[in-house]
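Positions are given from 1 along the sequence. None of these values were measured; they are calculated from a predicted model.
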Amino acid sequence: MYIKNNIDKIYERVNSIISKKGLSLDDITIVAVTKTVDVDRINEAISYGISDIGENKVQEIQCKYEKIVPNTKWHMIGHLQSNKVKYIIDKVHLIHSLDRVSLAKEIQKRAEEHDICVDTLVQVNIAEEDSKFGLRKEEVIPFIETIKDFNRIRVKGLMTIAPYVENPEEVRFVFRDLKNMFEDIKEFKFSNVDMKYLSMGMTNDFEVALEEGANMIRIGTGIFGKRTYKED
Ligand SMILES: *Cc1c(COP(=O)(O)O)cnc(C)c1O
């Protein structure tokens, strides 16, 4: 019941924020972050209504893919090396970490091979942390223009990872900045862009992110508990 209780609590907390905005749970995608979590626990979460799962390593997706309930939507939320695109291109529902032209080229090439279109989010490093991947704010629009003829790539929104802070109020500006950028880019009406998803907020800060307009949140610890081995 541990996982079910956690999921119920997350739904409750999400709902209490978004109901004030006149939104319902249908308007929000909760991506259960399953890195380091074994397949039995992932499938258990799916049995309680989780439909979207997020991984940050290609290898983990490959290892788990066949063992997870079919029709689950896989999200690639971690840094993606170009030479690994080929392993996941036909498995993932959404890539959250598009952050450079060389990666876009590789996605375009592999998508052509599979005759598919790939949905992506552009990752933005709002707080300009050296340790984080993602484009700087001022690079985002030029980047989207550069990839506009990549006909196999659709930009469906933006993603950011806020710096970890104890008090999430301190990173409210990150979410606000990304939301503003999200709205600005909509106005440009780029042909390859359909600004639909704003992926921001994790266990520690999702409530602030939702208040600032997130419609996709990525929750690991809040659903599965503390991860047992070190992340990189
Ligand atoms: C690990 C991870 C999360 C989830 O973090 P929690 O704090 O466990 O909720 C969300 N997004 C990304 C990109 C991650 O790597």
Side-chain angles (χ1 to χ4, degrees), residues 2-14 17 25 28-65 67-69 71-81 84 87-88 91-99 119-126 129 131-134 156-165 168 171 174-175 178 197-210 214-232:
Y2 176 75
I3 290 176
K4 180 174 192 311
N5 289 340
N6 285 346
I7 292 172
D8 288 347
K9 264 183 260 166
I10 296 285
Y11 282 150
E12 221 170 88
R13 287 167 62 187
V14 169
I17 304 278
L25 284 170
I28 308 293
T29 305
I30 297 175
V31 178
V33 176
T34 51
K35 60 192 186 198
T36 81
V37 177
D38 61 65
V39 292
D40 289 344
R41 287 194 296 149
I42 301 172
N43 284 329
E44 188 185 340
I46 292 167
S47 77
Y48 299 132
I50 292 295
S51 55
D52 293 74
I53 64 175
E55 289 283 351
N56 68 341
K57 293 208 175 90
V58 166
Q59 214 197 336
E60 241 179 296
I61 297 176
Q62 289 178 281
C63 289
K64 293 172 179 173
Y65 191 76
K67 302 183 191 111
I68 296 298
V69 177
N71 299 324
T72 303
K73 293 176 182 150
W74 290 74
H75 295 244
M76 177 58 194
I77 61 173
H79 178 65
L80 181 53
Q81 283 174 267
K84 295 194 173 158
Y87 301 122
I88 57 154
K91 297 185 172 64
V92 294
H93 169 73
L94 185 64
I95 296 172
H96 292 225
S97 46
L98 180 58
D99 63 356
D119 287 347
T120 62
L121 305 181
V122 173
Q123 183 174 352
V124 190
N125 184 358
I126 295 278
E129 286 181 288
S131 61
K132 294 260 163 70
F133 294 103
K156 302 292 282 188
L158 303 176
M159 178 272 222
T160 198
I161 305 171
Y164 182 83
V165 287
V171 289
V174 170
F175 303 132
L178 197 69
Y197 300 114
L198 189 52
S199 170
M200 55 187 197
M202 313 183 0
T203 299
N204 186 55
D205 56 19
F206 73 87
E207 283 157 315
V208 176
L210 287 169
N215 60 17
M216 184 172 271
I217 58 174
R218 309 177 306 266
I219 309 291
T221 320
I223 292 176
F224 298 105
K226 221 165 170 291
R227 283 179 287 276
T228 43
Y229 63 87
K230 214 181 136 279
E231 292 159 44
D232 50 24

Q.
If I take atom OH from residue Tyr87 and atom CD from residue Gln59, how far apart are they, to the nearest 0.5 angstrom?
A. 10.0 Å
**Q.** Salt-bridge criterion met for Glu60 and Lys35 (N-O under 4.0 Å)
**A.** no
Q.
Going by the rule side-chain hydrogen bond (donor to acceptor under 3.5 Å, both in side chains), which residues pair with Gln81 if we only count those two or more places apart in sequence or in a different chain?
A. Lys84
**Q.** Summary of salt bridge (Lys or Arg N to Asp or Glu O under 4.0 Å) pairs that have at least one residue in residues 40-54, sequence neighbours excluded
**A.** Asp38-Arg41
Q | Minimum side-chain heavy-atom gap Val208-Val171 below 4.5 Å | A | no
Q) Backbone N or O of Val69 within a donor-acceptor pair of the Asn43 side chain at under 3.5 Å? A) yes
Q: Please identify each residue that fulfils ring-ring contact (aromatic ring centres under 6.0 Å, His included) with Tyr11, with sequence neighbours left out.
A: none
Q. For Lys4, what residues pass the salt bridge (Lys or Arg N to Asp or Glu O under 4.0 Å) criterion, not counting sequence neighbours?
A. Asp8
Q | 4.5 Å side-chain heavy-atom contact, Met202 and Tyr164 | A | no
**Q.** Side-chain (Thr72) to main-chain (Ser51) donor-acceptor, under 3.5 angstrom
**A.** no
Q) Heavy-atom distance under 4.5 Å between the side chains of Lys73 and Leu94, does that happen here? A) no
**Q.** Donor-acceptor under 3.5 Å (Arg218 side chain, Val33 main chain)
**A.** no
Q. Side chains of Asn215 and Thr29: closer than 4.5 Å at any heavy-atom pair?
A. no
Q) Should we count CG of Asn5 as having more than 12 external heavy atoms under 6.0 Å? A) yes
Q. Does Lys156 have any salt bridge (Lys or Arg N to Asp or Glu O under 4.0 Å) partners at least two apart in sequence or in another chain, and if so, which?
A. Asp194
Q | Residues forming a side-chain hydrogen bond (donor to acceptor under 3.5 Å, both in side chains) with Gln62, sequence neighbours excluded | A | none
Q. How long is the span from the NZ atom in Lys57 to the OG1 atom in Thr36, to the nearest 0.5 Å?
A. 9.0 Å
Q) Partners of Val92 by side-chain contact (heavy atoms from CB on, under 4.5 Å), sequence neighbours excluded? A) Ile61, Trp74, Met76, Ile88, Ile95
Q: Mind checking side-chain contact (heavy atoms from CB on, under 4.5 Å) for Ala209 and listing every partner two or more places apart, or none if nothing turns up?
A: Phe175, Met200, Ala214
(Q) Would the distance check show the side chain of Asn204 and the main-chain N or O of Val165 forming a donor-acceptor pair, the cut-off being under 3.5 Å? (A) yes
Q. Counting only N and O atoms by type, is there a donor-acceptor contact under 3.5 Å from the side chain of Lys64 to the main-chain atoms of Val37?
A. yes
(Q) My understanding is that only residues two or more places apart in sequence, or in another chain, count here; which of them pass side-chain hydrogen bond (donor to acceptor under 3.5 Å, both in side chains) with Asn6? (A) none
(Q) Rounded to the nearest 0.5 Å, what separates atom CD1 in Ile3 from atom CD1 in Ile42? (A) 9.0 Å
Q | Contacts of Phe133 that satisfy side-chain contact (heavy atoms from CB on, under 4.5 Å) - sequence neighbours left out | A | His79, Asp99, Gln123
(Q) Among residues at least two apart in sequence or on other chains, which ones pass side-chain hydrogen bond (donor to acceptor under 3.5 Å, both in side chains) with Thr120? (A) none
(Q) Quick check for you: to the nearest 0.5 Å, what is the distance between Ile50 atom CD1 and Phe224 atom CZ? (A) 7.0 Å
Q) What residues, two or more places apart in sequence or in another chain, satisfy side-chain contact (heavy atoms from CB on, under 4.5 Å) together with Thr221? A) Thr203, Arg227
Q: Supply the atom-to-atom distance Tyr2 OH to Ile7 CD1, rounded to the nearest 0.5 angstrom.
A: 11.0 Å
(Q) Can you tell me how far apart CD1 (Ile30) and CD1 (Ile53) are? Round to the nearest 0.5 Å. (A) 14.5 Å
Q | Atom of Glu129, atom of Ile161 and distance for their closest heavy-atom approach | A | OE1-O, 4.4 Å
